[in-house]
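Let me begin by presenting the structure, written as structure tokens, before commenting on it.
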2 protein chains.
Amino acid sequence: MAYTVKQVSEITGVTKRTLRFYDKIGLLRPAGMTEAGYRLYDDNNLELLQQIMFLRELDFSLKQIKDIVTSSQYDRKQALIRQGELLNRKAERLKALAELAIKTSRSIEGSVNTSMNKKEMFKEFDMSRITEHKNKYAGEVKQRWGNTDAYMESQAKTAAYTEEDWKRIHKFQLSNVEQMARLFKQGVAAESDEVQRLVKEFQQFITDNFYNCTKDILRGLGEMYVADERFKAYFDKYAEGLAVFVSKAIQHYCK
Amino acid sequence: MAYTVKQVSEITGVTKRTLRFYDKIGLLRPAGMTEAGYRLYDDNNLELLQQIMFLRELDFSLKQIKDIVTSSQYDRKQALIRQGELLNRKAERLKALAELAIKTSRSIEGSVNTSMNKKEMFKEFDMSRITEHKNKYAGEVKQRWGNTDAYMESQAKTAAYTEEDWKRIHKFQLSNVEQMARLFKQGVAAESDEVQRLVKEFQQFITDNFYNCTKDILRGLGEMYVADERFKAYFDKYAEGLAVFVSKAIQHYCK
DNA sequence: ATAAAGGGTGACGTAAGGTCAGTGTCAATA
DNA sequence: TATTGACACTGACCTTACGTCACCCTTTAT
């Protein structure tokens, strides 16, 4: 079953522009294209789109949504159940707000001011409880990702690497650490733009060649560089104290 | 009771930046200013802010909110009651979505595809019911505003009209309706250019001689021409069914 | 064969703030 | 009295998630 943009738009209520946008940012890539470059969606696309819409309804940003649904840890069935819970929670918040509105309206006796407590007037608007759970949900996926998953992805990727690839990788790694060492010896701060740029390059490098290196994972690496003697030795070979320096730079970058 | 930005921010959960923004766009002007230019809010400001937050929760745009709360027709108590209803409606939509999520999750049996109907998968996302009511709410205020206001404008204008003016007015009205009747009898469609031109002339005529006849108001007139027996009789005197014809022409024009 | 309907890209616009830089003010403390 | 830290101000630019517009190409129906 292939659907054109228009059809998808009609089935789902999402505008054509939005579909093109989601394609562009890589959130929802159509399953295929015609020769003329027309987008063609399939049933999987529709299922994903439904997921996206649920998550949007819960006010996740598109970026977060992308992280969530592209995680290999992602299990649609489990996700739907969690989403159901969160939607209920949100509904309850709205119910409470509705009650507050009614209650407030009753506290207005004609022109007499039976004024409510000010804080009470805004109590139900508080979103922290929901936000907290949202973060937990977004986190749940990422957390596990960091551990088992990154490793497996890395294994899968590197299995196919040629000698050429490995050369390239070593070359980059060497260049990156040498630049770090140079700046470190020059006394440049770990928080400086130059150093931070190197950290960013490093993160991108890991992502490109091994696994999706999120900030959480990167932070983990940074900690390891000082905690694990082998890594520490590797860095300190270039300059005494470089491990700590790099670790600091990474911590700062991940804030 | 005067509150600083920080205090308001703490009581309501709205950020300082947002408060400044609302001030800038004229949505929530602080009751006073210190000599140094510090904003000072009072209890009325807080009440208004609560209103704003309710309306935001209902996804009204700030512009709409401004229109609503600055309307002369605005009655806070009534508004709170309406808002309570709308919030409940929104909560129910979320409940339905939650159920859909659960239902969808159950339709996934391991890897077996008990696929749901595609349209069903997106049914509950449809916002038209809520949007409709929202428009109604935003409209309600404007409606009354438009009417009473147009009426007063009209009164002011016509008070100064001479007999000469009235003759001119009657003449136009007669000519307009007669042309309508002629085209109608000839079987010309209500959507045709000729008829539409007459409608446009009519709108301009009202605007010039009575009050600013917006499309909204014109639409209202069109509805009245069939709903109100006296108007209906006036038109049907020229030709049986003319009232409906004119009404249709106006509806088409106002799209 | 031609028009209408649908598709494409790219550029620009918008709403509702967030973020940052630079500066002024107030209350309390040293 | 001087200073310091919290709080305030403005203005400029950044961001997200699209809408809108202009302009051009395909597909389908007549």
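Every chain is numbered from 1, with letters handed out A, B, ... down the list of sequences. Bear in mind the structure is a predicted one, so any value in this text is a computation, not a measurement.
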Distances for protein N or O near nucleotides 4-6 of chain D N or O, under 3.5 Å:
none

Look only at the side chain of B:Gln196 and the backbone of B:Ala190, and say whether a donor-acceptor pair between them is shorter than 3.5 Å.
yes
Consider side chain to side chain donor-acceptor pair (under 3.5 Å). Of B:Asp43, B:Thr12, B:Asp42, which one does B:Tyr3 pass it with?
B:Asp43
Between D:dA17 atom P and A:Asp23 atom CG, what is the distance in whole Å?
16 Å
Taking atom C1' of D:dT20 as reference, at what distance in whole Å does atom NZ of A:Lys16 sit?
13 Å
Atom CG of A:Leu55 and atom P of D:dA17 are separated, to the nearest Å, by 12 Å
Determine whether a donor-acceptor pair (N or O, by modelled atom type, separation under 3.5 Å) exists between the side chain of A:Asn88 and the backbone of B:Ala98.
no
Tell me if a side-chain donor or acceptor on B:Arg29 pairs with a main-chain N or O of B:Asp23 at a distance below 3.5 Å.
yes
A:Arg93 bridged to B:Glu57 by N-O distance under 4.0 Å
yes
Could you check how far CG of A:Leu40 sits from C1' of C:dG7, rounded to whole Å?
11 Å
Indicate yes or no for a side-chain donor-acceptor contact from B:Gln64 to the backbone of B:Ser61 under 3.5 Å, with no hydrogens or angles considered.
yes
Within less than 4.0 Å of OP1 or OP2 of C:dG6, is there a side-chain N or O belonging to A:Thr4?
no
Using whole Å, report how far NZ of A:Lys24 lies from C1' of C:dT9.
9 Å
For B:Thr18 against B:Thr15, the heavy-atom pair lying closest together:
OG1-OG1, 2.8 Å
When every nucleotide of nucleotides 15-26 of chain C is labelled 5' to 3' by its protein contacts under 4.0 Å (heavy atoms), B for base, S for sugar-phosphate only, - for none, what sequence of letters results?
-BSBB----BBS
Whole angstrom is fine here: how far is it from CZ in B:Arg39 over to C1' in D:dC9?
7 Å
Any heavy-atom pair between the side chains of A:Val199 and A:His252 that's under 4.5 Å?
no
